[in-house]
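Report on one structure; see the data block that follows.
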Amino acid sequence: MKYFSTRGGARVEASEAIVKGLAPDGGLFVPESFPDRISFSELKGKTYQERAALILSAFLSDFSGDEVKMCVSNAYTDEKFDDKAIAPLHKLCDQLHILELWHGPTCAFKDMALQILPHLLTVSMRKQGKKEEIVILVATSGDTGKAALEGFKDVDGTRILVFYPEKGVSSIQRLQMVTQEGNNVGVAAVNGNFDHAQNGVKAIFTDAEFNAFLKQNGIALSSANSINWGRLVPQIVYYMSAWASLIEQGEIREGEAINIVVPTGNFGNILAAYYAGKLGLPIGRLICASNANDVLCDFVRTGVYDRMRTFHTTISPSMDILISSNLERFLFDITDGDTEQIKGYMSMLSKDGKYKVDASTLKKIQSILWAGTCDDGMTKDTIYRIAKKYDYIADPHTAVALCVYEQYVLETGDNRKTILASTASPYKFNDSVLSALQCDIPDDDFMRLSALHAESKMKIPNSLWDLKNKKERFHDVCMPNAMQDMVKKLLGL
Ligand SMILES: *Cc1c(COP(=O)(O)O)cnc(C)c1O
């Protein structure tokens, strides 16, 4: 199976799509045809790792079975995940099952893909005959940087450098990054906001002279961002696996359609759920939950994608986004691969800041997706209500999804069984969660972890509690225009 670009160019193997990340014409890589459907009987009785190997193999057709197995067994280990199920289900009530995607080393769902991406990437580099050392450059607003550091830590043939905005991450997120262990990692703060850091990284990627200099030193830059096919395909696994587990547990019948709710930012996680549907998971509705940054909700309701709007900083920061890159893959699919149309939409988006899909496309979108939004006040209210009603503490991102799901049920009366993706541990966003629960909020990070433990009785993740005893290794701060020099410094060039 080959991959081509949503904008019509390229025709490459999976390994090349993973090495390149973005297609040369600016589009995203998509499979030219979908693998055969995977049935429940193929997943039945299998472990998460076995299911992952089966599903990844269906997409990564130039990987051998052993290569896929090696990637999977390096990624989803008991040492890295604090639950044997890897992505366990929590039954909130008869109708609603929470799929917890935050049992990995950084307590957020990015681990599900970033634990395996480094292995997929090194195998892909070898297949593509590339000899350079890969240096992953990441600009992060918090979750991605730490998850990428943990994923690439001590993976042979790779190094990873992360830039974070000096004042733009929470104190626990900063601690997670500056104490990062590993022999191939580097972290620096940028004196500016996330956009400064991101623009700085983009400038480094597109600087031909600098890239030539790196090549002379045996180094190739790469990115780990969520448009890479190697990040998307591992996310299909947990939806398929959760579906199979619900059938095994007798919660649903084989063939019974279920709804899936996803707290959405860049549209990667919900797209993976849609792809799981194409792979055989019977989906009723996909419910797309946004915070106050409601660009996707407006799109699903009106057919107009308009990024020209105020950017809101919210208590669910990993969903604060105005351009949801992976939507391009969804549009490609529902227009039956109409690359001219996709090119048109994307050029309007960059020129005018918006585009509008035609009436029949909108109708199709609405038959698949339902969308809603939830602001910070509603998010906190939801955390409080769910805690009181079900004795379950949700993080703010998960609470956005819970709130939008309640709106969906109220509006449609659809009582189908539902899986809701929970994307972060409440401990990771402990100040917002404590505030929502109307508790006192201690100044100190670790006292907040203890306070939340007293309230929730949930185990404090070791990876957060152990930060207490870790040494701060990285102290560098640079101006946005000096990031290139920082890269040289961190690489010892
Ligand atoms: C990244 C992230 C999201 C958004 O996921 P997308 O794939 O970008 O839509 C939601 N919640 C958390 C905690 C995240 O880290």
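In listed order, ligands and their atoms are each counted from 1.
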Residue, atom name and distance, where the atom is the protein heavy atom closest to [atom]:
{"atom": "atom 4 (C) of ligand 1", "value": "Gly265 N, 3.6 Å"}
{"atom": "atom 14 (C) of ligand 1", "value": "Lys110 NZ, 2.8 Å"}
{"atom": "atom 7 (O) of ligand 1", "value": "Asn269 N, 2.9 Å"}
{"atom": "atom 12 (C) of ligand 1", "value": "Thr423 OG1, 3.4 Å"}
{"atom": "atom 6 (P) of ligand 1", "value": "Asn266 N, 3.5 Å"}

Any idea which atoms of ligand 1 are less than 4.0 Å away from a heavy-atom of [X]?
{"X": "Pro263", "result": "4 (C), 10 (C)"}
{"X": "Phe109", "result": "1 (C), 2 (C), 3 (C), 5 (O), 7 (O), 14 (C)"}
{"X": "Met319", "result": "10 (C)"}
{"X": "Gly268", "result": "6 (P), 7 (O), 9 (O)"}
{"X": "Ala424", "result": "13 (C)"}
{"X": "Thr264", "result": "9 (O)"}

- request: Carefully, step by step, assess Arg329 and Asn326 under the rule side-chain hydrogen bond (donor to acceptor under 3.5 Å, both in side chains).
  value: CA-CA 6 Å; Arg329 285 189 166 113; Asn326 270 305; 2.7 Å; yes

message: So, applying ring-ring contact (aromatic ring centres under 6.0 Å, His included) with Tyr274, which one of Phe267, Phe330, Phe34 is it?
response: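 That would be Phe330.
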
query: Would the number of heavy atoms belonging to other residues, nucleotides or ligands and lying under 6.0 Å from NZ of Lys80 be above 12?
result: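 Check passes, neighbour count above 12.
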
task: Examine Lys388 relative to Tyr384 and say whether NZ or CZ is less than 6.0 Å from the centre of the six-membered ring and inside a 45° cone about the ring axis.
output: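 Yes, a cation-pi geometry.
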
task: Using distance alone, determine whether His397 and ligand 1 share an N or O pair under 3.5 Å.
output: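 No - when backbone and side-chain N and O of His397 are compared with those of ligand 1, no distance drops under 3.5 Å.
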
query: Does an N or O anywhere in Ala108 fall below 3.5 Å from an N or O of ligand 1?
result: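 No, since none of the N or O atoms of Ala108 sits under 3.5 Å from an N or O of ligand 1.
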
Could you tell me which non-hydrogen atom of [X] sits nearest to which non-hydrogen atom of [Y], and how far apart they are?
{"X": "Ser432", "Y": "Pro396", "value": "CB-CG, 3.9 Å"}
{"X": "Tyr48", "Y": "Ala87", "value": "CE1-CB, 4.2 Å"}
{"X": "Pro165", "Y": "Gly192", "value": "CB-O, 3.3 Å"}
{"X": "Gly186", "Y": "Phe474", "value": "CA-CE2, 3.8 Å"}

- prompt: Which class fits the ring pair Tyr355 and Tyr345: parallel under 30°, tilted 30 to 60°, perpendicular over 60°?
  reply: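 Taking Tyr345 first and then Tyr355, their aromatic rings lie parallel (interplane angle under 30°).
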
query: Among Asp375, Thr379, Asp320, which one satisfies side-chain hydrogen bond (donor to acceptor under 3.5 Å, both in side chains) with Thr314?
result: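 Going through the options one by one, the only one that passes is Asp320.
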
task: May I ask you to identify, for Asp143, whether its side chain, its backbone, both or neither come under 4.0 Å of ligand 1 on a heavy-atom basis?
output: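 Under 4.0 Å from ligand 1, Asp143 contributes side-chain atoms alone.
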
- prompt: Does ligand 1 have an atom that lies less than 4.0 angstrom from a heavy atom of Ser226?
  reply: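 Checking ligand 1 against Ser226, which is what was asked, there is no heavy-atom contact under 4.0 Å.
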
